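As structure tokens, the structure follows; a few thoughts come after it.
All residue numbers in this chain count up from 1 along the given sequence. Just so it is clear, the structure is predicted and the values come from calculations on it, not from any experiment.
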Amino acid sequence: MAPTKKDAKEEKEAKLTPQQSADLIMDYLRKQNRPYSATDISTNLKNRVSKAAAAKLLKDMHERKEIEGRAAGKQLIYHDEADEADLEKLQEMDAETSRLKSATLELKAEEKDLRLTLRQEGTQVPLPELRMAVDALRQEEADLSARLATLKNGSTKPISVEEREQINSEHRKWSRTAAARKKIRKELWAEIESHLGKEKAAETKEMLGLEF
């Protein structure tokens, strides 16, 4: 019985050389632009490269520094080396955003102490702008916390141009917020000094443990 077209196709796919398999994997990683495990690659290539062969080829390619790899839970995942810059940029932005978030929370604590001092001295200062800033900050903090949780769960894809611009935009917003709070703190403290006098204000500052 003559072989069918299906048999001929399967025979042709089964005859991939190791180099052809490696080229097929590399092409797939570059097109998808995201990390994959050996099992995922084998499955997505419809088993043209077996799981065992994919694992060995990926390990060899990683050792030759043709691709990047890292542990993700109990398995190894690999991605095109060109994606590493995006991953590093994302980590840097994540760290900077966390730093700004911590700085803003510290400013909120200082603001609370300053407002308490004003109430104790019987002085009321209208701060509608500060209230609006606090409300906006609470919403931004909730949004950013949700995004940070996603970034840290280990399954984040390399960032796209749109995602990178969104991260940059958030970074700029937090930078502006931190700068605005420093200005508000300075103006608020100047108001306190005008009512208490510099000497008593300095004593109050030391008593509260404020550093600025």
Side-chain angles (χ1 to χ4, degrees), residues 1-102 138-175:
M1 180 177 177
T4 64
K5 291 183 178 180
K6 180 179 180 181
D7 292 334
K9 179 179 179 181
E10 291 179 349
E11 182 179 358
K12 180 179 179 181
E13 292 181 348
K15 289 183 178 180
L16 286 177
T17 66
Q19 184 58 51
Q20 288 173 330
S21 297
D23 291 342
L24 184 62
I25 290 174
M26 177 63 81
D27 183 62
Y28 180 76
L29 288 175
R30 285 174 176 168
K31 286 182 178 178
Q32 297 302 314
N33 193 34
R34 57 161 295 178
Y36 283 104
S37 67
T39 300
D40 292 334
I41 291 174
S42 179
T43 300
N44 295 343
L45 292 177
K46 303 185 185 302
N47 295 315
R48 292 191 65 190
V49 181
S50 68
K51 176 182 175 182
K56 182 179 184 306
L57 289 169
L58 286 165
K59 181 176 180 294
D60 292 342
M61 294 162 70
H62 182 232
E63 290 177 350
R64 294 195 300 268
K65 301 187 182 300
E66 295 175 358
I67 59 175
E68 294 293 334
R70 68 179 187 277
K74 296 182 179 180
Q75 64 180 353
L76 293 174
I77 58 175
Y78 300 89
H79 59 87
D80 183 16
E81 188 176 18
D83 298 335
E84 190 66 17
D86 284 341
L87 292 174
E88 291 178 357
K89 181 65 174 179
L90 180 59
Q91 292 169 352
E92 290 174 3
M93 295 300 297
D94 187 13
E96 177 64 9
T97 301
S98 296
R99 186 189 68 77
L100 288 172
K101 180 181 176 182
S102 297
R138 285 172 180 165
Q139 181 60 48
E140 290 173 355
E141 180 181 350
D143 294 342
L144 185 58
S145 295
R147 180 167 180 80
L148 289 178
T150 300
L151 294 176
K152 293 176 181 177
N153 66 10
S155 60
T156 307
K157 298 191 301 182
I159 56 176
S160 64
V161 175
E162 292 77 11
E163 289 173 321
R164 184 185 295 109
E165 179 56 33
Q166 184 177 354
I167 291 173
N168 288 334
S169 177
E170 290 179 357
H171 177 268
R172 290 192 295 269
K173 284 185 357 185
W174 280 91
S175 296

**Message:** Testing the basics here: between Y78 and H62, what is the closest heavy-atom pair and its distance to 0.1 Å?
**Reply:** CE2-CB, 3.8 Å
**Asked** Side-chain contact, heavy-atom cut-off 4.5 Å: R70 with P35?
**Response** yes
**Interatomic distance, K46 atom NZ to T43 atom OG1 [nearest 0.5 angstrom]** = 10.0 Å
**Request:** Measure across K51 and T39 and return the closest heavy-atom pair with its distance rounded to 0.1 Å.
**Result:** CE-OG1, 3.0 Å
**Prompt:** Quick one: CG on D27 to CD on Q32, what's the gap to the nearest 0.5 Å?
**Reply:** 9.5 Å
**Message:** Strictly distance-based, threshold 3.5 Å: is any side-chain N or O of S42 a donor or acceptor partner for the main-chain N or O of V49?
**Reply:** yes
**Request:** Kindly give the heavy-atom pair with the smallest separation between M26 and M61, and that separation in Å.
**Result:** CE-CE, 3.7 Å
**Request:** Side-chain contact test, heavy atoms from C-beta onward, threshold under 4.5 Å: evaluate it for L76 versus S37 and give yes or no.
**Result:** no
**Request:** Report the C-alpha distance between L58 and L29 in whole Å, list the side-chain angles of each, state the deciding distance to 0.1 Å, and finish with yes or no for side-chain contact (heavy atoms from CB on, under 4.5 Å).
**Result:** CA-CA 11 Å; L58 286 165; L29 288 175; 4.3 Å; yes
**Item:** Residue that, paired with I41, satisfies side chain to side chain contact (heavy atoms under 4.5 Å, CB included) out of I77, I25, L24, L57
**Value:** I25
**Prompt:** Rounded to the nearest 0.5 Å, what separation is found between the CG atom of L16 and the OG atom of S50?
**Reply:** 10.5 Å
**Message:** If I take atom CZ from residue R30 and atom NE2 from residue H79, how far apart are they, to the nearest 0.5 angstrom?
**Reply:** 13.5 Å
**Item:** ring pair (Phe, Tyr, Trp, His ring centres under 6.0 Å) contacts touching residues 33-61 (sequence neighbours left out)
**Value:** Y28-Y36
**Message:** If I take atom CD from residue E170 and atom OG from residue S175, how far apart are they, to the nearest 0.5 angstrom?
**Reply:** 11.5 Å
